[in-house]
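Just so we're clear, the structure is a prediction, and the values are computed from it rather than from any experiment. Numbers for residues simply follow the sequence, beginning at 1.
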Amino acid sequence: QVQLVESGGGLVQAGGSLRLSCAASGRTFYGYVMGWFRQTPGKEREFVAGIRWSGSSTYYADSLKGRFTISKDNAKNTVYLQMNTLKPEDTAVYYCAAARYYRGNNYPSSYDYWGQGTQVTVSS
């Protein structure tokens, strides 16, 4: 059973940084794609960034390129999301997700497993 556990969320002032972690367990993730999404009340879940477990291919939402960086530590089975120059509009619940294989897009429906989410709040 795949389990994804996020951590690292919290309250930060605008302009600050946070690093989220996603600890993955339950199987080997060779061939998987790991992703970060975010969601605010009343809005659809939004793709933030993705990374292939094998190799180094990464994907980003165009609007977040340059501020957010996704990375992984295969030995620790952990995926990270470094968020810099945070803005109040980055406030959301951030979810880690895993796809058994890359389906050609980063829609939420393309991911098979989800974590519980971690709240990020950016104050102005």
Side-chain angles (χ1 to χ4, degrees):
Q1 182 74 10
V2 172
Q3 284 193 318
L4 305 173
V5 180
E6 303 97 335
S7 61
L11 175 64
V12 63
Q13 287 189 333
S17 299
L18 278 177
R19 189 178 79 158
L20 305 183
S21 300
C22 172
S25 62
R27 62 155 295 137
T28 56
F29 291 91
Y30 181 84
Y32 274 54
V33 179
M34 308 298 292
W36 285 97
F37 290 76
R38 66 185 185 183
Q39 190 170 25
T40 54
K43 292 190 177 181
E44 293 186 355
R45 198 163 289 190
E46 173 191 23
F47 172 72
V48 173
I51 188 167
R52 296 209 186 200
W53 199 268
S54 309
S56 58
S57 295
T58 55
Y59 314 91
Y60 291 95
D62 288 341
S63 61
L64 299 174
K65 279 182 184 176
R67 292 197 300 123
F68 288 17
T69 303
I70 190 170
S71 62
K72 60 184 173 69
D73 185 330
N74 286 28
K76 295 183 178 179
N77 264 17
T78 300
V79 178
Y80 303 99
L81 183 68
Q82 178 68 43
M83 305 185 294
N84 297 329
T85 320
L86 283 162
K87 305 175 181 180
E89 51 263 43
D90 294 318
T91 295
V93 177
Y94 284 71
Y95 295 92
C96 178
R100 293 194 301 272
Y101 57 93
Y102 184 59
R103 294 180 169 92
N105 61 70
N106 288 295
Y107 298 137
S109 58
S110 294
Y111 285 74
D112 303 293
Y113 305 99
W114 294 86
Q116 296 294 322
T118 185
Q119 176 71 46
V120 171
T121 303
V122 184
S123 63
S124 57

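The structure places CZ of R45 at 11.0 Å from OG1 of T40, a figure rounded to the nearest 0.5 Å. The OG atom of S109 sits 10.5 Å away from atom OH of Y111, with the distance rounded to the nearest 0.5 Å. Separating the CD atom in Q3 from the CG atom in N77 is a distance of 12.5 Å, to the nearest 0.5 Å.
For residues 9-26, the pairs satisfying side chain to side chain donor-acceptor pair (under 3.5 Å) are S17-N84, with sequence neighbours left out. Sorted by first and then second residue, the pairs that involve residues 74-97 and meet salt bridge (charged side-chain N to carboxylate O under 4.0 Å, His left out), not counting sequence neighbours, are R38-D90, R67-D90.
Here the side chains of E6 and Y95 are in contact, with some heavy-atom distance below 4.5 Å.
By the 6.0 Å contact criterion, CD on Q116 is open, its count of non-hydrogen atoms from other residues, nucleotides or ligands being 12 or less.
Shown here for S123 and L11, the closest heavy-atom pair between the two residues is CB-CD1, 4.3 Å. When all heavy atoms of A14 and P88 are compared, the closest pair comes out as CB-CD, 4.1 Å. Pairing each heavy atom of K43 with each of Q39, the nearest pair is O-NE2, 3.0 Å.
Residues forming a salt bridge (Lys or Arg N to Asp or Glu O under 4.0 Å) with D73 (at least two apart in sequence, or on another chain): none. Every residue meeting the side chain to side chain contact (heavy atoms under 4.5 Å, CB included) condition with D62, not counting sequence neighbours, appears here in chain and number order: K65.
Checking side-chain atoms of R103 against main-chain N and O of S110 turns up a donor-acceptor pair under 3.5 Å. Side-chain atoms of T91 never come within 3.5 Å of backbone atoms of T121 as a donor-acceptor pair (strictly under, hydrogens ignored).
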Exercise for the section: Could you walk me through whether F37 and F47 pass the ring pair (Phe, Tyr, Trp, His ring centres under 6.0 Å) test, one step at a time? Expected result: CA-CA 4 Å; F37 290 76; F47 172 72; 5.5 Å; yes
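In this structure, Y101 stands alone, with no Ile, Leu, Val, Met, Phe, Trp or Tyr side-chain heavy atom under 4.5 Å from its own, directly or through other members. Residue W53 is found in a hydrophobic cluster whose other members, listed by chain and number, are V2, L4, V12, L18, L20, F29, Y32, M34, W36, V48, I51, Y60, L64, F68, I70, V79, L81, M83, L86, Y94, Y113, V120, V122; membership requires side-chain heavy atoms under 4.5 Å apart, directly or through intermediates.
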